[in-house]
Amino acid sequence: MRNPNDRDGFTFIEMMVALGIFTVLMAGIYTVLVICDCTSRTGLTCIELSQDARLGIDRMIRELRNARRSTISIPDGSYITFEVPGNSNTIQYSLGGLGGRQLIRTESEADTVLCNNVGSIQFSPSAFSGSIISITLQTQKTSLSRRDLTTSLNVSLKVRN
């Protein structure tokens, strides 16, 4: 027979200890989730920067390969102008747009944005051959975690015409 003074269940102290352990575990799990989310967003921002830079530089490379060598002009390395056979318009690639952080293609006074978040672009002709041009495109963006992310693309291309 059971003693009427015996009670089944947990004491108040046991409940408080269990609640404390649960709180510590949940705080740890939440911290891990926040760190994973931040890392994921930073990775996605890096991928976005790389893809944007590649798309912009790919279009530029296609046109520059077909440019007339005699029309290519790189005055100070920060922009390039040239003409493509079959097109009498001069094409220019330079930084501009919002805050000077966009790669802009200009033809016949019409601007086209090729790439955003551009930190710098440098054009340089080869010292050995006038038909080889080197391009360095650097993109920059601050992530949500306040980290500065940078991507740099270096390309050397040979002009065909």
Side-chain angles (χ1 to χ4, degrees), residues 22-161:
F22 178 76
T23 303
V24 169
L25 285 175
M26 292 291 36
I29 290 171
Y30 179 75
T31 302
V32 169
L33 286 175
V34 167
I35 290 170
C36 289
D37 182 54
C38 183
T39 303
S40 173
R41 289 177 192 263
T42 301
L44 289 174
T45 303
C46 283
I47 290 169
E48 176 189 331
L49 279 175
S50 295
Q51 286 178 338
D52 202 21
R54 275 193 214 111
L55 287 174
I57 212 162
D58 282 346
R59 179 159 181 202
M60 188 184 336
I61 288 171
R62 274 186 267 131
E63 283 189 328
L64 276 169
R65 280 199 175 121
N66 295 318
R68 288 189 196 118
R69 191 177 319 158
S70 61
T71 65
I72 296 174
S73 173
I74 307 173
D76 64 0
S78 64
Y79 67 94
I80 186 170
T81 59
F82 59 93
E83 290 179 9
V84 177
N87 184 354
S88 62
N89 296 328
T90 299
I91 299 171
Q92 176 178 321
Y93 287 101
S94 62
L95 286 181
L98 301 172
R101 294 186 43 88
Q102 294 177 322
L103 176 60
I104 304 289
R105 178 189 184 272
T106 305
E107 180 180 6
S108 300
E109 304 295 323
D111 291 345
T112 305
V113 176
L114 299 181
C115 180
N116 292 308
N117 302 309
V118 178
S120 66
I121 189 162
Q122 186 69 37
F123 300 96
S124 56
S126 171
F128 303 110
S129 169
S131 64
I132 296 178
I133 298 171
S134 295
I135 304 169
T136 302
L137 178 69
Q138 187 177 35
T139 56
Q140 297 173 329
K141 190 172 185 179
T142 303
S143 69
L144 293 175
S145 63
R146 305 284 186 236
R147 288 182 48 205
D148 289 331
L149 306 173
T150 303
T151 302
S152 185
L153 291 175
N154 299 312
V155 176
S156 291
L157 66 102
K158 184 172 183 172
V159 178
R160 295 180 186 154
N161 297 315

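Side chains included, hydrogens not; waters and symmetry mates left out as well; all remaining heavy atoms used. If you read the sequence from its start, that first residue is 1, and numbering goes on from there.
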* To do: State whether R62 and D58 are salt-bridged, where the test is any N-O pair (Lys NZ or Arg NE/NH1/NH2 against Asp/Glu carboxylate O) under 4.0 Å.
  =>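 No, no charged N to carboxylate O under 4.0 Å.
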Practice problem: Start with the C-alpha distance between I35 and T31, add both sets of side-chain angles, then the distance that settles side chain to side chain contact (heavy atoms under 4.5 Å, CB included), and finish with yes or no. | Solution: CA-CA 6 Å; I35 290 170; T31 302; 4.0 Å; yes
Contact summary for [X] and [Y], nearest pair of heavy atoms:
| X | Y | result |
| --- | --- | --- |
| K141 | R101 | N-NH2, 4.4 Å |
| S94 | Y79 | CB-CB, 3.5 Å |
| I121 | S78 | CG2-O, 3.8 Å |
| L114 | Y93 | CD1-CE2, 3.1 Å |
| T136 | S152 | CG2-OG, 4.1 Å |
| S134 | S156 | OG-OG, 3.2 Å |

Next item on the list: Sort out for me which residue in T139, T150, L149, T151 forms a side chain to side chain contact (heavy atoms under 4.5 Å, CB included) with C46.
Entry: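 Among T139, T150, L149, T151, the one meeting side chain to side chain contact (heavy atoms under 4.5 Å, CB included) with C46 is L149.
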Do you know which of I104, L95, V113 makes side chain to side chain contact (heavy atoms under 4.5 Å, CB included) with V118?
->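 Looking at I104, L95, V113, the match for V118 under the side chain to side chain contact (heavy atoms under 4.5 Å, CB included) is L95.
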Would you give the length of the straight line joining atom [atom1] of [X] to atom [atom2] of [Y], rounded to the nearest 0.5 angstrom?
| X | Y | atom1 | atom2 | result |
| --- | --- | --- | --- | --- |
| R54 | I61 | CZ | CD1 | 11.5 Å |
| N66 | F82 | CG | CZ | 9.0 Å |
| L103 | I57 | CG | CD1 | 8.0 Å |
| I135 | L64 | CD1 | CG | 5.0 Å |

For R41, does the CZ atom have more than 12 heavy-atom neighbours from other residues, nucleotides or ligands under 6.0 Å away?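 Result for CZ/R41: open.
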Which side chain to side chain donor-acceptor pair (under 3.5 Å) pairs, counting each pair once, include a residue from residues 111-123, with sequence neighbours left out?
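Residue pairs passing side chain to side chain donor-acceptor pair (under 3.5 Å), neighbours aside: Q102-N116, T106-D111, S120-Q138.
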